[in-house]
Engineer: 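Just passing along the structure, written as structure tokens.
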Amino acid sequence: MDNTARRTVVVVGHGMVGHRFVEAMRSRDTAGQWQVVVLAEEQLPAYDRVGLSSYVGAWDASALALPGNEYAGDELVELRLGQRAETIDRNARKVTTSGGDVIAYDALVLATGSYAFVPPVPGHDRPECFVYRTLEDLDGIRAAAEAAGPGAVGVVVGGGLLGLEAANALRLMGMTPHVVEFAPRLMPVQVDEGGGAILESLVTQLGLHVHTGVGTSAIEGAEGGAGLRISLSDESTIDASLVVFSAGIRPRDQLAREAGLEVGPRGGVVTDLGMRTSDPAIYAVGEVAAVEGVCYGLVAPGYTTAEIVADRLLGGAGEFPGADLSTKLKLLGVDVASFGDAHATTEGALSVVLHDAAKGTYAKLVVSDDAKTLLGGILVGDASAYAALRPLVGSELPAEPAALISPAGAELGADALPDEAQICSCNNVSKGDVCGAIAEGACDIASVKSCTSAGTSCGGCVPMLKKLLEQSGVEMSKALCEHFGQSREELFHIVATTGIRKFSELIARYGTGMGCDICKPAVASILASTSSDHILDGEQAALQDTNDHFLANLQKNGTYSVVPRMPGGEVTAEQLIEIGQIAKDFGLYVKVTGGQRIDLFGARVEQLPQIWQRLVDVGMESGHAYGKSLRTVKSCVGSTWCRYGQQDSVGMAVLLEKRYRGLRSPHKLKLGVSGCARECAEARGKDVGVIATENGWNLYVGGNGGLTPKHAVLLAGDLDDETLIRYIDRYLMFYIRTADRLQRTAPWQESLAGGIDYVRQVVCEDSLGIAAELEETMVRHVAGYKDEWAAVLEDPAKLSRFVSFVNAPEQADPTITFDDSGERKVPVLLGMPDVPGGGSLRNHGGHRAGRVGHGMPEIPVTSIDGK
């Protein structure tokens with residue numbers, strides 16, 4: 001398209017809704033009609049404000065970054081960070097920025113969002129007072145909390161959704177949180193009196209101090225000048241170190257007001273259903289927009305407004321369809337959900353309530369006067385029915401209302417929902433949309449997400465997506481492979497309970513056929529995880545893949561790498577000298593790995609025992625770089641050497657590596673221990689990450705690299721050494737028991753119903769009653785550990801397999817060559833030449849049994865692993 005004909009749209013604000021608008025424009029504007037200029041007041045591009053609380057503990061802003069928020073490589077999007085819009089000249093259609101730039105526009109989109117309302121309480125502007133809105137706000141709260149010290153009191157003014165999130169954040173920072181709410185109950189917008197009573201009871205048990213039905217009268221310096229004294233309307237006081245205001249939000253409409261745009265009586269830029277303001281060239285989206293006078297403070301309707309403006313600018317006629325104000329969240333581990341007419345404001349509405357104070361659950365359905373149509377509901381303590389109930393709002397109920405919320409009542413299936421029922425409110429995806437995607441070939445959760453965007457925001461609709469897949473006839477097979485109809489988890493339990501120690505016995509009793517390259521290594525891993533037997537003992541040796549078969553990593557030219565273990569990255573001078581001498585004697589390439597190990601490349605298979613004998617003699621052992629097991633525990637130098645270190649990270653890393661060495665698992669495991677929040681060991685990129693705090697250790701789980709990197713998430717904070725190790729024991733053994741074949745910890749956690757919250761319940765709260773069993777299993781592993789290479793060197797039968805050719809054990813592989821003419825030694829890849837003698841059988845774990853020379857008859861062969 002001719003650039004002179006391209007129009008410019010300026011977006012003021014780069015929050016979640018502003019980013020969604022840019023995404024919508026760029027995905028729909030295939031002809032490149034519009035140039036997009038984004039003015040972002042913050043120095044960071046768009047991040048997940050809904051997940052703001054997850055920043056606490058991790059303090060990693062990058063983990064909240066929205067995908068594609070920098071628009072790298074897109075010439076039609078210009079992102080200007082740290083520049084806010086100062087003024088709008090509507091007549092000239094120009095915006096002046098805080099940097100003095102003047103930008104002409106054809107269309108202007110106001111996505112300025114909202115600001116935290118701070119009531120005019122005397123003392124509200126003291127430096128110890130904060131709001132809970134941005135990452136910068138949380139950094140300020142954190143600094144104040146650290147200065148106050150563990151156990152100090154923090155007061156949150158406001159007991160709504162954000163107020164309870166702020167209170168939880170203070171709790172995670174080690175403070176004692178108090179919540180002051182003027183209404184007679186917590187979360188007054190979402191829950192009623194009964195739900196509020198249960199919610200208050202549950203959060204009080206978790207350490208919150210709740211003050212409802214009172215206001216904040218004044219904030220003054222405490223006597224002696226240390227801290228604050230907060231006076232309440234009932235004449236009581238609270239002595240605290242800081243105050244966080246979370247008393248609601250207000251639209252950020254000042255820019256629009258100054259430009260002369262129409263605003264609502266309660267704030268917000270007034271728009272029509274097409275999101276157009278009183279100026280036809282200016283639109284408003286998200287929290288700043290007052291759609292026909294009404295502002296919506298949720299992200300889902302905000303996304304809808306962004307999509308409408310993108311449609312309008314490209315010639316469409318989209319209109320705001322109304323908003324689903326349903327909410328489902330977990331606050332301090334407590335489920336809370338409300339949907340539809342939760343407070344029964346509809347004329348003639350009836351309420352059906354199930355209040356179980358003993359279990360800490362509250363459920364209410366609001367129905368029409370004939371009890372046939374669902375109007376809304378509230379769920380506290382247990383919101384598992386939310387995914388099925390919310391889409392039924394406005395529809396005829398498939399059963400008696402009481403039966404739908406009673407534990408002994410009817411389970412609501414996906415078939416009860418009409419096609420127009422909204423499954424994903426965040427992205428406005430209906431049941432019909434999901435079923436259409438399934439009909440076109442989407443056969444699992446990942447592909448449904450990709451096709452429809454359902455489940456990609458808050459994830460609350462994922463259980464319903466699973467039900468729709470099952471209802472559509474998609475068979476969610478758990479079979480390990482064609483030879484075993486059981487899942488890996490089921491096979492693990494079979495092996496653990498029956499005591500079976502041979503693959504042949506397992507497949508004879510519970511499977512069919514002879515097995516394959518899927519089930520053999522998987523069963524080998526299970527057998528290794530449930531005993532301390534050597535992986536090359538007896539029949540088990542034939543199950544291993546090439547790397548485990550030779551206890552080394554096979555490289556591209558047929559050689560192997562050798563990686564001795566260095567717990568915590570520590571190595572003695574004697575060991576380091578011997579490594580160097582080995583590399584020199586065998587002509588090996590030496591590289592320091594990212595996991596604080598030394599890797600020796602280029603060893604031939606028959607050289608492996610010679611190399612390992614020398615390493616074992618200087619006290620080194622297998623680093624298990626070849627196995628689906630613990631690889632490394634990376635560490636910084638910690639408090640021993642570093643002036644910032646808060647705990648002995650090296651000592652902890654050594655302890656953990658020696659405890660979990662040799663632990664076989666569904667996939668490789670990597671751990672990291674950082675001595676302070678500066679995170680030099682990059683612990684949050686590991687399956688298990690440990691980060692020192694002033695009071696102990698924060699434990700993170702589920703971090704992975706690879707094609708889809710994941711940050712680990714906080715499992716528990718400020719743990720002492722004993723509790724930390726106990727939780728890691730439980731976590732690793734629970735993962736080993738229940739994960740699928742070759743499933744890393746991050747996707748395993750995501751696949752569990754309840755995700756990290758469920759993991760926390762099992763590991764920290766022992767909700768399944770298996771904690772002692774998991775710990776005992778780990779104790780047995782630790783007691784039974786023996787270095788795999790040391791055991792090989794002591795066993796002539798095992799040593800006999802380390803030859804290049806089965807029937808010519810003294811012969812080296814002539815196909816292995818290197819090029820060392822440059823600065824680095826590199827392998828040269830050649831075709832396999834004819835081997836003198838014509839019938840020698842190349843030994844690579846049985847995967848390539850041999851090669852017959854020219855002119856020689858084909859001969860029957862049994863490879864070294866007995867296959």
Side-chain angles (χ1 to χ4, degrees), residues 480 487-496 503 518-535 540 543-545 547-549 551 553 563 565 567 595 621-634 656-672 683 685-690 699-706 710 712 715 725-752 759 762-763 770 773-788:
L480 181 64
S487 67
R488 181 196 173 277
E489 179 181 359
E490 290 167 338
L491 286 176
F492 185 99
H493 285 291
I494 289 172
V495 169
F503 177 83
I518 293 176
C519 60
K520 285 185 176 181
V523 171
S525 174
I526 292 172
L527 293 173
S529 298
T530 51
S531 82
S532 298
D533 298 341
H534 198 282
I535 65 169
Q540 193 168 336
L543 306 178
Q544 311 301 332
D545 61 19
N547 287 349
D548 278 315
H549 193 88
L551 308 183
N553 274 333
V563 186
R565 185 176 300 285
E621 60 183 32
S622 170
H624 279 94
Y626 48 81
K628 298 295 184 285
S629 56
L630 176 71
R631 296 289 181 86
T632 66
V633 182
K634 187 176 180 180
L656 295 179
E657 186 154 350
K658 289 185 175 180
R659 184 171 185 81
Y660 304 125
R661 58 189 172 180
L663 182 65
R664 295 280 167 166
S665 55
H667 210 296
K668 62 186 175 185
L669 292 168
K670 295 184 179 182
L671 279 66
K686 305 295 189 289
D687 298 278
V688 174
V690 179
L699 175 58
Y700 296 84
V701 292
N704 292 165
K710 298 285 186 181
L715 184 69
I725 294 167
R726 186 165 66 248
Y727 283 179
I728 298 176
D729 282 358
R730 296 176 184 178
Y731 176 81
L732 291 177
M733 290 311 306
F734 186 50
Y735 161 67
I736 290 169
R737 278 191 178 194
T738 61
D740 289 338
R741 163 187 168 270
L742 299 181
Q743 186 178 39
R744 294 202 67 176
T745 53
W748 166 70
Q749 283 179 192
E750 292 174 353
S751 70
L752 297 172
V759 174
V762 174
V763 171
I770 61 173
E773 184 181 343
L774 297 175
E775 292 174 27
E776 290 168 6
T777 306
M778 186 63 77
V779 168
R780 287 198 299 271
H781 160 75
V782 174
Y785 169 78
K786 184 174 183 181
D787 176 41
E788 288 177 351

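Here the structure is a predicted model, which means the values were calculated and not measured.
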Engineer: Give, for atom CG of L551 and atom CD1 of I535, the distance between the pair rounded to the nearest 0.5 Å.
Structural biologist: 5.0 Å
Engineer: Using only atom types and a distance under 3.5 Å, with no angle test, would you say the side chain of T530 pairs donor to acceptor with the backbone of L527?
Structural biologist: yes
Engineer: Short question: side chain of R741, backbone of P666 - any donor-acceptor pair under 3.5 Å?
Structural biologist: no
Engineer: Before you tell me yes or no, could you show the steps for R730 and E775 under salt bridge (charged side-chain N to carboxylate O under 4.0 Å, His left out), namely the whole-Å CA-CA distance, both residues' side-chain angles and the distance that decides it to 0.1 Å?
Structural biologist: CA-CA 6 Å; R730 296 176 184 178; E775 292 174 27; 2.7 Å; yes
Engineer: Check for a donor-acceptor pair, side chain of D687 on one end and backbone N or O of K670 on the other, with a separation under 3.5 Å.
Structural biologist: yes
Engineer: Per the ring pair (Phe, Tyr, Trp, His ring centres under 6.0 Å) rule, which among W748, Y700, Y660 passes with Y731?
Structural biologist: W748
Engineer: Using side-chain heavy atoms (C-beta onward) and a distance below 4.5 Å, is E621 in contact with E788?
Structural biologist: no
Engineer: Restricting to non-hydrogen atoms, name the atom on Y735 and the atom on Q743 that form the minimum distance, rounded to 0.1 Å.
Structural biologist: OH-O, 2.7 Å
Engineer: Do H781 side-chain atoms and R661 backbone N/O form a donor-acceptor pair below 3.5 Å?
Structural biologist: yes
Engineer: What is the distance from atom OG of S665 to atom CE of M733, rounded to the nearest 0.5 Å?
Structural biologist: 10.0 Å
Engineer: Give the intermediate values and the outcome of side-chain contact (heavy atoms from CB on, under 4.5 Å) for residues L715 and V759.
Structural biologist: CA-CA 8 Å; L715 184 69; V759 174; 4.0 Å; yes
Engineer: Are any side-chain N or O atoms of N704 and backbone N or O atoms of K710, one a donor and one an acceptor, separated by less than 3.5 Å?
Structural biologist: no
Engineer: To check you understand the geometry: which heavy-atom pair defines the closest contact between S532 and Y785, and what is its length?
Structural biologist: OG-N, 4.3 Å
Engineer: Measure across V763 and Y727 and return the closest heavy-atom pair with its distance rounded to 0.1 Å.
Structural biologist: CG1-O, 3.5 Å
Engineer: Is a side-chain donor or acceptor of T777 paired with a backbone partner of E773 at a separation under 3.5 angstrom?
Structural biologist: yes
Engineer: Counting C-beta onward and ignoring hydrogens, is there a side-chain heavy-atom pair between L669 and V688 closer than 4.5 Å?
Structural biologist: no
Engineer: Taking all atoms of both residues into account, what is the closest heavy-atom pair of S525 and R664, and its distance?
Structural biologist: O-CB, 4.1 Å
Engineer: Using the side-chain contact (heavy atoms from CB on, under 4.5 Å) rule, take L742 and K628 through it: C-alpha gap first, then chi angles, then the decisive distance, then the call.
Structural biologist: CA-CA 8 Å; L742 299 181; K628 298 295 184 285; 3.7 Å; yes
Engineer: What are the two closest heavy atoms between A522 and L480, and how far apart are they?
Structural biologist: CB-CD2, 4.0 Å
Engineer: I need the minimum non-hydrogen distance between R737 and R488, along with the two atoms involved.
Structural biologist: O-NH1, 3.8 Å
Engineer: Before accepting this row, confirm whether a basic side-chain N of the pair R659/D729 lies closer than 4.0 Å to the acidic partner's carboxylate O.
Structural biologist: yes
Engineer: Rounded to the nearest 0.5 Å, what separation is found between the CD atom of E750 and the CZ atom of R744?
Structural biologist: 12.5 Å
Engineer: Could you tell me whether the side chains of D740 and S487 share a donor-acceptor contact shorter than 3.5 Å?
Structural biologist: no
Engineer: To the nearest 0.5 Å, how far apart are CD1 in I728 and CE in M778?
Structural biologist: 9.0 Å
Engineer: Give the C-alpha distance, both sets of side-chain angles, the deciding distance and a yes or no for side-chain contact (heavy atoms from CB on, under 4.5 Å) between H624 and L630.
Structural biologist: CA-CA 7 Å; H624 279 94; L630 176 71; over 6 Å; no
Engineer: How long is the span from the CG atom in L671 to the CG atom in L732, to the nearest 0.5 Å?
Structural biologist: 6.5 Å
